[in-house]
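When a residue number appears, it is its place in the shown sequence, counting from 1.
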Amino acid sequence: MSLASSSGPVVPWPEISPPRAPREEHEIRQLGRTRIDAYAWMKFIPQSGSRTLEQLPAPLREHLEAEMGYAREVLRPLAPGIEEFRARMAARAPEISEPLPTSDRGWRYRFELPAGRSHRVFSRVGPDGQEQLLFDEAERASGHAYYRATGHQHSPDDRYFAWAEDVVGDDRHRICLLDLDSGIVRTVVLTDAFGYGGFTFSPSSCHLFWIWRDAHSRPARLYRSPVEGGEAVLVYEEHDPAIFMQVARTAADGFVALTLGGPDVSEIRLIAADTETALARIVRPRQRGIRYEVDEWGDALLMLTDADGAIDGKLLCLDPVTFAVRRELVPHRAGVPILAVLPFADALVRLERAEGLHRLVLMHPDGQELTVAFDEPAYAIELAPAQRHEARQVRIVHQTPASPLRWIDVGLADGKCTVVGQERLSGFDPAAYRVERLHARADDGETIPITVLSRRDASVDTPLPLLLTGYGAYGISSEPRFSLPATVLVDAGFRYAIAHVRGGAEKGRRWYRDGCRMNKRNSMTDFIACARHLREIGYAAPGGIVAQGVSAGGLLVCGAMNMAPQLWAGVIAQVPFVDMLNTMSDADHPLVPLLRPDWGDPLADPLAYDYIAGISPYENVQPAAYPPVLCTAGLKDDRVPYWEPAKLVANIRHHATGGNPAVLVLNPDSGHQQNDDLDSEFAQAALLWAFAQHCVESRGSGVKEDGLR
């Protein structure tokens, strides 16, 4: 696939008139301030159930249908590029057979993605080597416009296999249970379950603990259901809308742990394995400003906490009966955050980050430690799920932007690494790519890491079109993971870069704090600094940088777009959180009470109101020559509702002084995430890459960059 030079002939966008959304003078008075939300009428919440186009008020339905029609027409010239990108991704599609650790009884559970298939097939292999098919997701997805499954797990006694599936698109799951003796699949929870860390088998395998979502889609209750059928029993109900819930078993199956928490608070309640129908016991009552996690190792409980100023975590040993602190196992080390702890009988495994990169630390019962790291500029490692407590090795998943997933067993005694599985892509050579870790300097002197993926045969002295992506929120780091679509974009003549801006946790908890609440603007200016640095060192062609972000990453890139609109050849914002002030002023939104520590509370705090009003992308669109903008949205999305990108697109059209399109790509069948299959992933990525390519081709040369506003 060839890519025209950004200084070559200009390829115009189609001259199609976009929908013009009516502007209504909707006045909002709040904390002594007044604002006008001209597109407030786009917000629609049904009395019950998920949104559909048919139930929308007629003016809104007609407008959104016009948006979908406009998107089809304005993006129609991209069809050859979309098909070419999609075909290249499909040709490179992997055959995946994930090797999972064995269970206590010797079963090995796995899933495969056979060649030419878009959905996973789950199976298990017994101690005798015989394979047993569990289920085929293609069959589960048949007849549904939307399908996404999560949380797959086997019971401790290997008799049952459970998973949560969403067949509507609204993140409200049903929980399915396969009886491996009879082969019968039952729906244990019909609807309104929380699938993301929201259910687990009891240690005895007799019960399933699961979390229910309320009318606002907030995890609010923990239930216990007998696996052989019967009424669900309410175990715990949370009444604070600012508290999130998850449930899991501890490492040696000694407890079921209910985690209650938010960005700056935690409370763990434990149910002992020998009394799994008893009430849960509180390890430490919740206290604002203190977070902790609990697991078990040997004869003690483990507590990972940020108490006493240990912002990057310290590890304590607790008495399993009284919960009193016995000793400090690992002290706090500033800038070396402990990301996860996985106890085994023979060793305690820590996943940490040092100098921005992951490393594994194996601690033995005598206190001796062994560190395992990888000599690469940028990589990510994760702990594989469902590992057997008595295992003699820990299984990790390793990847880089140029190297697909590798499953590696690391010996607990000696740290020896053995590759036990690898994702292989057809016609793909990792050696054809170069991965670099660069650094930009922010206005305040902070250095911002950047991960860059290029073709190895692309000279470092040759500017290329570049796609810059970022997230920078909630302390979630933008890990340098492998992306098949990114490699296809790079093959088309781009560089692909990740800006590790403040608001994530790439440099520890401080990095997060320096990019949230009253410091959120740092995330956006960091992103701009990364773009300018890549242009200044000659990695990005003039006028050739396309910004891309998802969800809170959409806030990042759209905020950066408002600050420096001429810096970007285009902006791609997927399900973007851009109506920040109005959303954070909506106490009924599923996530608002939970996320006030991240963004501030404009309902109660005038300083928070003013700060959010000053950076919210929707409120800060101004007369300027905006680049082409593509926003995606899911009609059933409760996390970032469709009206946020719809309002932003309308406001850009109202204020923009240039002729570039602002496009809303609305999926009426999805929520915050697309269908969980390769076809859907490739189709969306192909659209985004073709849009980015066209943005660069149509940009032309001689465009001067505006400064910050």
Side-chain angles (χ1 to χ4, degrees), residues 18-30 35-72 145-146 166-172 191-192 213-218 241 551 554-555 558 573-593 595 602-603 616-619 621 630-654 662-674:
R20 292 293 176 182
R23 292 176 62 84
E24 299 180 1
E25 297 298 304
H26 179 72
E27 183 177 271
I28 302 172
R29 296 187 178 186
Q30 191 172 325
R35 66 181 185 275
I36 301 296
D37 184 358
Y39 301 110
W41 62 271
M42 292 188 184
K43 178 178 179 178
F44 173 75
I45 300 176
Q47 291 295 320
S48 62
S50 298
R51 280 182 290 269
T52 64
L53 282 173
E54 292 72 24
Q55 69 185 173
L56 301 179
L60 176 58
R61 181 178 67 251
E62 292 168 3
H63 175 70
L64 293 180
E65 288 174 341
E67 288 283 16
M68 290 191 290
Y70 172 73
R72 285 192 297 270
Y146 183 92
D166 176 8
V167 296
V168 176
D170 59 1
D171 275 347
R172 304 180 78 93
T191 187
D192 295 336
R213 305 186 80 152
D214 66 14
H216 296 288
S217 291
R218 296 168 183 149
S551 195
L555 169 71
C558 291
Q574 297 168 248
V575 290
F577 173 39
V578 286
D579 193 12
M580 190 182 186
L581 182 58
N582 287 312
T583 293
M584 291 308 299
S585 298
D586 180 3
D588 291 328
H589 186 283
L591 297 177
V592 162
L595 298 179
L603 287 172
S616 177
Y618 171 60
E619 278 80 12
V621 174
L630 187 151
C631 290
T632 70
L635 186 65
K636 299 177 181 180
D637 193 348
D638 282 334
R639 293 190 234 175
V640 182
Y642 70 89
W643 59 78
E644 294 206 27
K647 289 167 66 175
L648 177 73
V649 164
N651 212 23
I652 290 174
R653 290 179 188 150
H654 178 74
V663 184
L664 176 68
V665 177
L666 176 68
N667 186 334
D669 297 315
S670 75
H672 199 61
Q673 303 176 92
Q674 295 289 313

Does a salt bridge link D192 with R172, judged by any charged N lying under 4.0 Å from a carboxylate O?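 Salt bridge present between D192 and R172.
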Q) Side chains of L555 and P617: does their closest heavy-atom pair fall under 4.5 Å? A)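 Sidechains of P617 and L555: in contact.
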Checking Q55 now: which residues fulfil side-chain hydrogen bond (donor to acceptor under 3.5 Å, both in side chains) with it, not counting sequence neighbours?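 None.
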Test of understanding: with salt bridge (charged side-chain N to carboxylate O under 4.0 Å, His left out), list the residues that count as partners of [X], not counting sequence neighbours.
X: E644; answer: none
X: E54; answer: none
X: D214; answer: none

Name the atoms and distances for all side-chain donor-acceptor pairs under 3.5 Å in residues 663-670, with sequence neighbours left out.
unit_1: N667; atom_1: OD1; unit_2: D669; atom_2: N; d: 2.8
unit_1: N667; atom_1: OD1; unit_2: S670; atom_2: N; d: 3.4
unit_1: N667; atom_1: ND2; unit_2: Q674; atom_2: OE1; d: 3.3

When rounded to the nearest 0.5 angstrom, what distance separates [atom1] in [X] from [atom2] in [Y]?
X: Y70; Y: R20; atom1: OH; atom2: CZ; value: 8.5 Å
X: L648; Y: S616; atom1: CG; atom2: OG; value: 9.0 Å
X: L591; Y: M584; atom1: CG; atom2: CE; value: 9.0 Å
X: L60; Y: E65; atom1: CG; atom2: CD; value: 9.5 Å
X: L64; Y: W643; atom1: CG; atom2: CH2; value: 11.5 Å

Could you pull out the closest heavy-atom pair between [X] and [Y], with the gap in Å?
X: P602; Y: Q30; value: O-NE2, 2.9 Å
X: V649; Y: E67; value: CG1-OE2, 4.2 Å
X: R61; Y: L53; value: CD-O, 3.1 Å
X: A662; Y: R653; value: O-NH2, 2.8 Å
X: I652; Y: V621; value: CA-CG1, 3.8 Å
X: A21; Y: A650; value: CB-CB, 4.0 Å

Mind listing the side-chain donor-acceptor pairs of residues 633-642 below 3.5 Å, one per line with the distance, residues two or more places apart or on another chain?
unit_1: K636; atom_1: NZ; unit_2: V168; atom_2: O; d: 3.2
unit_1: D637; atom_1: OD1; unit_2: R639; atom_2: N; d: 2.8
unit_1: D637; atom_1: OD1; unit_2: V640; atom_2: N; d: 3.1
unit_1: D637; atom_1: OD1; unit_2: H672; atom_2: ND1; d: 3.4
unit_1: D637; atom_1: OD2; unit_2: H672; atom_2: ND1; d: 2.7
unit_1: D638; atom_1: OD2; unit_2: S217; atom_2: OG; d: 3.2
unit_1: R639; atom_1: NE; unit_2: D171; atom_2: OD2; d: 3.0
unit_1: R639; atom_1: NH2; unit_2: D171; atom_2: OD2; d: 2.6
unit_1: Y642; atom_1: OH; unit_2: M42; atom_2: O; d: 2.6
unit_1: Y642; atom_1: OH; unit_2: F44; atom_2: N; d: 3.2

Side-chain ([X]) to main-chain ([Y]) donor-acceptor, under 3.5 angstrom:
X: R213; Y: T191; value: no
X: W41; Y: P59; value: no
X: H26; Y: D37; value: no
X: R23; Y: A38; value: no

Q.
Under the criterion side chain to side chain contact (heavy atoms under 4.5 Å, CB included), I'd like the reasoning laid out for N582 against K43: C-alpha separation, chi angles, the key distance, then a yes or no.
A. CA-CA 11 Å; N582 287 312; K43 178 178 179 178; over 6 Å; no
**Stepwise side chain to side chain contact (heavy atoms under 4.5 Å, CB included) check, H589 with I45** = CA-CA 11 Å; H589 186 283; I45 300 176; over 6 Å; no
Practice problem: Report yes or no: is the cationic atom of R35 (NZ for Lys, CZ for Arg) closer than 6.0 Å to the six-membered ring centre of Y618, at no more than 45° off its axis? | Solution: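 Geometry flag: not set, cation outside 6.0 Å or 45°.
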